[in-house]
Amino acid sequence: MNFTVKKRILIVIGIVFALALLIFYRFFTQTTIGLTISFFLLIAYFILTLILRRCPHCNSYLWKLVPFATHCPYCGEELK
């Protein structure tokens, strides 16, 4: 899987998780169920980000990479 597909997957998952967080928080504010589900969704998103946001060439983590970067700042290879 190339880096562009990984970025798109993270964007879609981020939007879905953000909407789920809002829905769960809105409708389950009286109980702790909504907050618990929202917390686990947030943790799952961070884990997916740690797994998917790596350079395909040098496998370094691209934490501060801007969304429109074309090259890895560590190895200089093109991110396709």
Side-chain angles (χ1 to χ4, degrees):
M1 181 176 346
N2 62 13
F3 191 71
T4 305
V5 173
K6 289 179 184 179
K7 282 195 314 188
R8 288 181 184 158
I9 288 172
L10 281 176
I11 289 170
V12 169
I13 289 174
I15 291 170
V16 169
F17 280 0
L19 290 175
L21 284 170
L22 290 174
I23 289 170
F24 286 130
Y25 184 73
R26 173 76 175 139
F27 291 113
F28 295 109
T29 55
Q30 302 301 325
T31 62
T32 59
I33 295 171
L35 291 175
T36 305
I37 293 172
S38 300
F39 176 73
F40 283 118
L41 284 175
L42 185 65
I43 295 299
Y45 180 74
F46 283 127
I47 290 171
L48 283 173
T49 302
L50 286 173
I51 293 170
L52 293 177
R53 201 157 184 183
R54 295 196 171 270
C55 174
H57 305 287
C58 65
N59 204 28
S60 60
Y61 186 65
L62 303 173
W63 180 256
K64 294 183 179 182
L65 185 67
V66 293
F68 303 109
T70 58
H71 292 80
C72 175
Y74 301 107
C75 66
E77 293 289 329
E78 184 179 5
L79 299 173
K80 295 180 183 178

At what distance, to the nearest 0.5 angstrom, does CZ of F40 lie from CD1 of I47?
-> 10.0 Å
Value rounded to 0.5 Å, distance of OG in S60 from OH in Y74 | 6.0 Å
For G76 and H71, which heavy atoms make the closest approach, and how far apart are they?
-> O-CD2, 3.4 Å
In terms of hydrophobic clusters joined by side-chain contacts under 4.5 Å, are L42 and I23 together?
-> no
Apply side chain to side chain contact (heavy atoms under 4.5 Å, CB included) to Y61 and T49, showing your working.
-> CA-CA 10 Å; Y61 186 65; T49 302; 3.4 Å; yes
Any chance you could measure I13, atom CD1, to K6, atom NZ, to the nearest 0.5 Å?
-> 12.5 Å
Rounded to the nearest 0.5 Å, what's the gap from CD on E77 to SG on C55? Could you check?
-> 7.5 Å
Kindly work out whether a path of hydrophobic side-chain contacts (I/L/V/M/F/W/Y, heavy atoms less than 4.5 Å apart) joins I11 to Y45.
-> no
